[in-house]
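Notes for the one structure printed next.
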Amino acid sequence: MTELSAGGAFTTRSWTRQDYILTVIAVLVKIGDGVELYLPGVITQKVSCELGVSSFQEGILAVAMYLCYALAVIIAVPVSKAFGEKLTLFLSLYLSIAFAILCAVVPNYYTLLLSRALSGLCAGLNGNTIGVYVAEHVSSKEVHKQSTFLFEGFAITIGGTWVSFLGWLILDPIGWRVFVVITSIPLFIPPILVLHFCISEVKPEESNTDEELIHIVAAPSNEPENVPNFALRVTKSS
């Protein structure tokens, strides 16, 4: 691969297949985050009617989820370093799915409160671990910036729009229990993608031991300083 750059402003380095897969995984995980963050506002009234809870208990249901989500943001990096990003991501995604299914069968308010709090914890873990996972496995810093822009800038909003639209469309006919399970569908896909596509544990940039850089000065030293230097990246063919 050949790369031309002018002061870092222009690059022809293309995304690899793994970069696309990682970005899709990250977008789906962040959509799940958006669903989790917007879900309490959509189902609270239905939960209150079915379980007969007070307005104070409604508030506690949302607060417990948000507090656990905030706690997960704090502990996500230490946990992922201790157990590895991949294991942390897998466990948090599968537990998020499990707690979503649990919401469909909870018998009372207190088990629902526990399941929603733990679901918030898992959402915070997978939502913050995926950023570290992507950073460790994409092919370049430039790809990482572009990928982060996609899954951090749009995915959570898409998740919130998805759960709000579905709430308007199907919440009344199917009930809030089934609704919680349906809105968690985006979280089913990332573990499958990670397992099906073997994500390399080594960055392509770090594995290219035979790569050399040839720096070409485009202008003599007595030219104005604003004339950019160009760098030509040449990769030896094996």
Side-chain angles (χ1 to χ4, degrees), residues 24-53 57-73 75-76 79-80 83 85-130 133 155-156 158-196:
V24 169
I25 292 170
V27 167
L28 290 172
V29 170
K30 285 294 184 177
I31 287 175
D33 259 23
V35 168
E36 194 66 30
L37 292 172
Y38 282 82
L39 188 62
V42 177
I43 67 170
T44 297
Q45 187 176 2
K46 295 293 183 182
V47 172
S48 177
C49 293
E50 181 177 327
L51 300 181
V53 299
Q57 289 175 312
E58 289 179 10
I60 291 296
L61 191 64
V63 168
M65 191 279 292
Y66 289 128
L67 284 177
C68 288
Y69 185 93
L71 174 64
V73 172
I75 66 173
V79 170
S80 62
F83 299 99
E85 292 89 2
K86 195 171 187 177
L87 179 60
T88 303
L89 184 62
F90 263 64
L91 289 178
S92 59
L93 284 170
Y94 281 125
L95 288 174
S96 291
I97 296 168
F99 290 130
I101 295 172
L102 180 62
C103 284
V105 296
V106 289
N108 54 54
Y109 169 78
Y110 295 103
T111 50
L112 176 63
L113 177 64
L114 179 62
S115 65
R116 293 303 300 150
L118 293 175
S119 183
L121 183 70
C122 292
L125 281 175
N126 60 50
N128 288 275
T129 303
I130 189 63
Y133 188 72
I156 290 181
I158 292 171
T161 305
W162 155 262
V163 72
S164 300
F165 174 74
L166 282 184
W168 170 77
L169 189 65
I170 62 173
L171 180 57
D172 286 334
I174 67 174
W176 66 270
R177 294 176 184 270
V178 179
F179 180 77
V180 172
V181 177
I182 291 176
T183 54
S184 68
I185 287 175
L187 296 178
F188 285 75
I189 305 173
I192 299 173
L193 290 176
V194 175
L195 286 174
H196 183 68

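Just so it is clear, the values below take in all heavy atoms, side chains as well, and ignore hydrogens, waters and symmetry mates. If you're wondering where the values come from, they're calculated on a predicted model, not measured in any experiment.
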Output side-chain donor-acceptor pairs under 3.5 Å for residues 180-187, partner residues at least two apart or in another chain, one line each.
unit_1 : atom_1 : unit_2 : atom_2 : d
T183   : OG1    : F179   : O      : 3.1
T183   : OG1    : V180   : O      : 3.0
S184   : OG     : V181   : O      : 2.6

Closest approach of [X] and [Y], non-hydrogen atoms and distance?
| X | Y | value |
| --- | --- | --- |
| G159 | V35 | O-CG2, 3.6 Å |
| L125 | S92 | CB-CB, 3.9 Å |
| L102 | S115 | CD2-CB, 3.7 Å |
| L112 | C103 | CD1-SG, 3.9 Å |
| S96 | N126 | OG-ND2, 3.3 Å |
| L95 | C122 | CB-SG, 3.5 Å |

Listing, residues 161-171 side-chain donor-acceptor contacts under 3.5 Å, not counting sequence neighbours, or none:
unit_1 : atom_1 : unit_2 : atom_2 : d
T161   : OG1    : T157   : O      : 2.8
S164   : OG     : G160   : O      : 2.8

Report summary line: Interatomic distance, OH@Y94 vs CZ@F99, rounded to 0.5 Å, equals 15.5 Å
Query - Reported CG-to-CE distance for the pair L39 and M65, which is rounded to 0.5 angstrom - result: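 Between L39 CG and M65 CE, I get 7.5 Å after rounding to 0.5 Å.
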Requested in this report: Side-chain contact test, heavy atoms from C-beta onward, threshold under 4.5 Å: evaluate it for T111 versus V105 and give yes or no.
Outcome: no
Report the residues that fulfil side chain to side chain contact (heavy atoms under 4.5 Å, CB included) with [X], sequence neighbours left out, ordered by chain and then residue number.
| X | answer |
| --- | --- |
| I158 | I31, F154 |
| A62 | P40, Y66 |
| S80 | E85, T88, T129 |
| L113 | I60, L61, A64, Y109 |

side-chain hydrogen bond (donor to acceptor under 3.5 Å, both in side chains) partners for [X], two or more places apart:
| X | value |
| --- | --- |
| N128 | none |
| T44 | none |
| E58 | S48 |
| E50 | W176, R177 |

Requested in this report: Provide the full list of salt bridge (Lys or Arg N to Asp or Glu O under 4.0 Å) pairs with a residue in residues 95-110, sequence neighbours left out, each pair given once.
Outcome: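 Passing the test, one end in residues 95-110: no pairs.
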Report task. Just grab all the salt bridge (Lys or Arg N to Asp or Glu O under 4.0 Å) pairs involving residues 98-116, residues at least two apart or on different chains. Result -> E36-R116
